[in-house]
Amino acid sequence: MELADKEACSGCGACAYVCPKQCISFETDATYGISYPVIDGSRCINCGKCRTYCPVLNQPESSEPAQAYAAWSSDAEERRTSASGGIAAEIYRYAIANGWMIVGAAFGNGFEVKLKLADSVEAIKEFKNSKYVFSSTNGVFKDIDEKLKAGRKIAIIALPCQIAAFKKVFHKYIDNLLLVDLVCHGTTPPQYLEQYVRCMEAKYGKNVGSITFRDPEIGTQKFALSLYDTNGKRFYSNNAVGTNDAYQYGYHSMVAYRENCYHCHYARRERISDITLSDYKGLGNMAPCSFSEEKVSSVLLNSEKGEKIVESLIAAGQIKAEVRPVEEPISGDKQLQHPSNKTYARYLFEKTYIKLGDFIPVMRDVYKKDQLRRKVLWGYHLPRRIVNKLKRVLHIPFSPRKV
């Protein structure tokens, strides 16, 4: 039995969960440290369930967004501490108030991020804000399955590839599910983040108690990665723009993602969820607007179920929302058009990681060479023949490797 290849596998975990013999486990690839499912051939009965429920090999139905909103939470503190407009938090609150359960991404031990099932308002704080690292579904499929069989309703907010997996596995219970996907650039393997944290602990002589990728105390719109010690005191922070921070550079420059992120099936206008959430990019490009896009969420409604939920939030005064042209957020956000591109820096990363095998020195090396390339290509007004010669001397490819 063959699973999805490495260029496509998102590590969603659907295959492992549906396997009746539990003969599929995840192993870390030795080349780039990415986890992939592996079948124990001695136990496999070739039933084909893993392939049937794989959202890559058998993609779930998708639909064009029917409505778009620019929206934000009416609660000023909720909006301040959320990644953009705080709409995800308000959807969670609506779900809990109506007796539903909720699923979101939360930090666990060792800064591993897992999807978690909860039924309390307190869990919303764990689920809030962006987590720019791979999130595991280990255990949550079983938890969701048990509650759905018991007749519970569940609101799931996760990445598109994860939503696709839940949609495939729990298609019989779709009426009791609210599926909300977050527009995603890509995810980095968890060991990269672990190596980064250990490096920063050694550098600053501190034990990291918590990490935030969009620190509310600095302003989540600034994409500041901050490290807090075990006493809750911030000892390091770095904004994403123009940074030489290894993790910030690796993520925001699209260098250190899983391979499948560069071939993502869900980075397109057609969506597989009821509601799609993201930072609103391009606000005001297609129709007049009286407010800026800062701390504003783009809300795409992809089903009648999604429309009813958002209408209820507006009617209850939980969110403020303005109808926008559907094409506006789609044309403003590249991730709603195509996957993240493989860049020259990504090409270098692949080549260098094979040699060094350690995230921090690899990123430092890639950053220096990428900056040198930028200076050569754009920093100096050199004749084309000289630029081409420098490329050859510096071993700089004339264009990124095609995918």
Side-chain angles (χ1 to χ4, degrees), residues 13 17 71-133 135-159 162-163 165-167 169-170 173-182 209-217 220 228 230 232 273-275 277 297 299 305-306 308-319:
Y17 181 69
W72 59 90
S73 170
S74 299
D75 185 323
E77 182 63 11
E78 197 73 78
R79 186 183 184 190
R80 184 188 74 83
T81 55
S82 295
S84 51
I87 303 302
E90 296 300 342
I91 291 175
Y92 281 139
R93 290 185 183 279
Y94 173 90
I96 294 295
N98 284 275
W100 300 11
M101 300 194 77
I102 58 176
V103 171
F107 278 108
N109 296 327
F111 302 101
E112 180 184 18
V113 176
K114 286 187 174 183
L115 292 190
K116 176 182 174 181
L117 178 70
D119 61 359
S120 67
V121 173
E122 288 71 28
I124 298 175
K125 186 176 181 180
E126 292 184 79
F127 296 166
K128 283 176 63 173
N129 220 314
S130 300
K131 298 171 180 70
Y132 296 140
V133 66
S135 52
S136 170
T137 58
N138 185 30
V140 79
F141 276 102
K142 181 180 178 181
D143 294 340
I144 293 172
D145 199 357
E146 290 175 351
K147 297 304 180 182
L148 288 174
K149 287 177 179 177
R152 298 295 299 272
K153 290 187 175 182
I154 304 175
I156 304 176
I157 302 181
L159 302 183
Q162 295 168 334
I163 293 296
F166 294 132
K167 193 171 183 178
V169 173
F170 301 120
Y173 304 99
I174 199 68
D175 290 340
N176 282 356
L177 286 173
L178 175 68
L179 301 177
V180 182
D181 79 283
L182 305 170
S210 62
I211 181 172
T212 174
F213 295 99
R214 298 177 69 167
D215 194 342
E217 302 308 314
T220 59
Y228 288 78
T230 52
S273 63
D274 299 303
I275 301 171
L277 300 178
S297 296
V299 182
K305 188 189 302 181
K308 290 179 180 178
I309 296 296
V310 172
E311 287 172 0
S312 296
L313 291 174
I314 295 172
Q318 283 185 248
I319 68 172

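The residues of the chain are indexed from 1 along the displayed sequence.
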If we only count heavy atoms from C-beta on, is the V140 to K114 side-chain gap below 4.5 Å? no
Taking every non-hydrogen atom, the tightest pair across F127 and A118: CZ-CB, 4.2 Å
Tell me which one of T220, T212, T81 satisfies side-chain hydrogen bond (donor to acceptor under 3.5 Å, both in side chains) with K128. T81
Roughly how far apart are F107 CZ and N129 CG, rounded to 0.5 Å? 9.0 Å
How many angstroms lie between NZ in K153 and CG in N98, if you round to the nearest 0.5 Å? 8.5 Å
Where do L277 and V299 land on the side-chain contact (heavy atoms from CB on, under 4.5 Å) test, with the steps shown first? CA-CA 5 Å; L277 300 178; V299 182; 3.8 Å; yes
Rounded to the nearest 0.5 Å, what separation is found between the CZ atom of F166 and the OH atom of Y17? 11.0 Å
Taking the side chain as every heavy atom from C-beta outward, state whether N176 and F170 have any atom pair closer than 4.5 Å. no
Whether R214 side chain and A83 backbone form a donor-acceptor pair below 3.5 Å: yes
Nearest 0.5 angstrom please: M101 CE to I144 CD1, how far? 9.5 Å
Please report the closest heavy-atom contact between G99 and R152, naming both atoms and the distance. O-NH2, 3.2 Å
Check each of L182, V103, T137 against Q162 using the side-chain contact (heavy atoms from CB on, under 4.5 Å) test, and report the only one that passes. T137
So which atom in I96 and which in S120 form the shortest heavy-atom distance, rounded to 0.1 Å? CD1-N, 3.7 Å
Minimum heavy-atom separation for A71 to I319, with atom names? CB-CD1, 4.5 Å
Contact check, side chains of V180 and Y92, non-hydrogen atoms, under 4.5 Å: no
Measure the CD-OG distance between E90 and S312 for me, rounded to the nearest 0.5 Å. 13.0 Å
Salt bridge D143-K147, side-chain N to carboxylate O under 4.0 Å: no
Salt-bridge test for E77 and R80: reply yes if a basic N is under 4.0 Å from a carboxylate O, no otherwise. yes
Residue pair G85 / S297: nearest heavy atoms and the distance that separates them: N-OG, 2.9 Å
Side chain proximity check, D274 to L177, heavy atoms < 4.5 angstrom: no
Which one of I156, I91, I102 satisfies the side-chain contact (heavy atoms from CB on, under 4.5 Å) criterion with L178? I91
Quick one: CD1 on I154 to CG on L117, what's the gap to the nearest 0.5 Å? 5.5 Å
Any Lys/Arg nitrogen of K131 or E112 sitting under 4.0 Å from an Asp/Glu carboxylate oxygen of the other? no
